[in-house]
Amino acid sequence: MSQENLFGYIPNKTIIHNLSGSTKLISFILLSLIVMTSFDTRFLVAMTIFSLILFYIARIPWRNIKVLIYFVLVFSILNLLTIYIFEPEYGVQLYNSRTVLFDGIGRYTITAEQLFYEFNVAIKYFTTIPLALIFIFTTDPSEFASSLNRIGVSYRISYAVSLALRYIPDIQDSFFEIRQAQQARGLEMSRKTSLMKRITRSAQIIMPLIFSSLNRIEIISQAMELRRFGKNKSRTWYRYRPFTKKDVIALALIVIISVIGILLFFVNGGRFYNPF
């Protein structure tokens, strides 16, 4: 299977790829926390532009992410609709104002405050999702494990996370190989058949694939035990990347952005920016 079809680390020579795994992990955590905490629309819009610029610099192929992007779009729309169905006046309560745009049935009216709140919720997705994709596609699993260990996480847990990330492309590769073999035997699973048939036939592949993957994990864990993995309190890392000047500059920029987001809490008197 072509590497461009896999969901996982893709080697490249961009600035973001050359940063240390620790830098990318710390940056992702800090930016995600400040974005998910803040409801300052001005800050969120700026962060969305910033994350999209980083996404462009990372040069992640569209083929790798289009399915995930479609899924996120559907999930975002459903989430926004659910918020409106259960709390159509939540924005009114937050901003202490009520500007009716369209009258509805009962309490289901369209207010500017509710639309403004849901816009803030939606823009959070378009900020955090590119950041997550950048981290996943530009960070080698082994380097990510060393990064976790460097910030204080046990190397046993770090190595388990690394193995989990490595299994994602392997499982995808096995799935597509089995699907191609089934199609070679006459079992159509392409777009030529109906969606329900594709889902049903894919499910018939996924279950045996899961059990075979569990069996493979058991083999690897036994091999690691035979090699006395976990005996020592620390270990070295083959893919460890030391800090460079680029990492220092990147972390300084992320800290400045985080501080700006925190200062806006005091300027706005809370997490919410109220233009009403």
Side-chain angles (χ1 to χ4, degrees), residues 3-77 79-80 116-141 143-144 147 151 165 168 241-265 267-268 271-273 275:
Q3 190 180 31
E4 293 185 352
N5 295 317
L6 295 177
F7 183 80
Y9 171 66
I10 299 178
N12 209 329
K13 295 182 180 181
T14 66
I15 297 176
I16 298 178
H17 281 79
N18 293 332
L19 292 175
S20 168
S22 301
T23 300
K24 285 181 277 190
L25 177 61
I26 295 171
S27 301
F28 174 66
I29 293 174
L30 289 178
L31 291 179
S32 297
L33 286 176
I34 193 63
V35 166
M36 297 308 296
T37 304
S38 175
F39 273 88
D40 190 307
T41 310
R42 302 163 298 181
F43 179 73
L44 292 177
V45 170
M47 285 301 303
T48 301
I49 297 173
F50 178 68
S51 64
L52 291 176
I53 291 173
L54 293 179
F55 189 79
Y56 175 77
I57 294 173
R59 298 179 183 176
I60 300 174
W62 170 249
R63 293 179 60 184
N64 296 76
I65 61 172
K66 62 180 181 180
V67 175
L68 179 61
I69 295 298
Y70 294 149
F71 174 79
V72 171
L73 287 175
V74 173
F75 173 80
S76 301
I77 294 172
N79 184 51
L80 295 175
F116 186 71
Y117 167 72
E118 298 208 13
F119 172 74
N120 287 326
V121 174
I123 205 170
K124 286 175 180 287
Y125 294 121
F126 293 99
T127 305
T128 54
I129 294 301
L131 295 175
L133 293 175
I134 291 170
F135 180 73
I136 292 172
F137 282 94
T138 63
T139 307
D140 184 89
E143 188 179 340
F144 177 49
S147 303
I151 64 174
L165 292 176
I168 295 175
R241 189 192 295 267
F243 276 105
T244 63
K245 185 178 180 179
K246 295 179 181 178
D247 296 286
V248 176
I249 295 174
L251 286 175
L253 177 62
I254 298 304
V255 170
I256 292 172
I257 293 174
S258 301
V259 170
I260 292 174
I262 295 173
L263 289 176
L264 287 174
F265 294 167
V267 173
N268 299 326
R271 295 188 302 134
F272 295 87
Y273 165 67

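On a predicted model such as this, the values are computed, not experimentally measured, just so you know. Computed from heavy atoms alone, side chains included, the values below leave out hydrogens, waters and symmetry copies.
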For Tyr273, give me all partners under ring-ring contact (aromatic ring centres under 6.0 Å, His included), at least two apart in sequence or on another chain.
none
Which residues pass the ring-ring contact (aromatic ring centres under 6.0 Å, His included) test with Phe135, not counting sequence neighbours?
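Checked Phe135 against ring-ring contact (aromatic ring centres under 6.0 Å, His included); matches are Phe28, Phe144.
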Within a 6.0 Å radius of atom [atom1] on [X], are there more than 12 heavy atoms belonging to other residues, nucleotides or ligands?
{"X": "Arg59", "atom1": "CZ", "value": "no"}
{"X": "Ile15", "atom1": "CD1", "value": "no"}
{"X": "Phe119", "atom1": "CZ", "value": "no"}

So which heavy atom on Val35 is nearest to which on Lys124, and how close?
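Residues Val35 and Lys124, closest heavy atoms: O-NZ, 2.5 Å.
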[atom1] of [X] to [atom2] of [Y]: how many Å apart, nearest 0.5 Å?
{"X": "Ile16", "Y": "Thr139", "atom1": "CD1", "atom2": "OG1", "value": "9.5 Å"}
{"X": "Asn12", "Y": "Ile57", "atom1": "CG", "atom2": "CD1", "value": "12.5 Å"}
{"X": "Ile129", "Y": "Thr48", "atom1": "CD1", "atom2": "OG1", "value": "11.5 Å"}

Can you name the side chain to side chain donor-acceptor pair (under 3.5 Å) partners of Thr23, sequence neighbours left out?
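Side chain to side chain donor-acceptor pair (under 3.5 Å) list for Thr23, sorted by chain: Asp247.
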Verdict with reasoning, Asn268 to Phe43, per side-chain contact (heavy atoms from CB on, under 4.5 Å)
CA-CA 12 Å; Asn268 299 326; Phe43 179 73; over 6 Å; no
Using side chain to side chain contact (heavy atoms under 4.5 Å, CB included) as the criterion, point out the one residue from Val72, Asn79, Leu73 that pairs with Ser76.
Val72
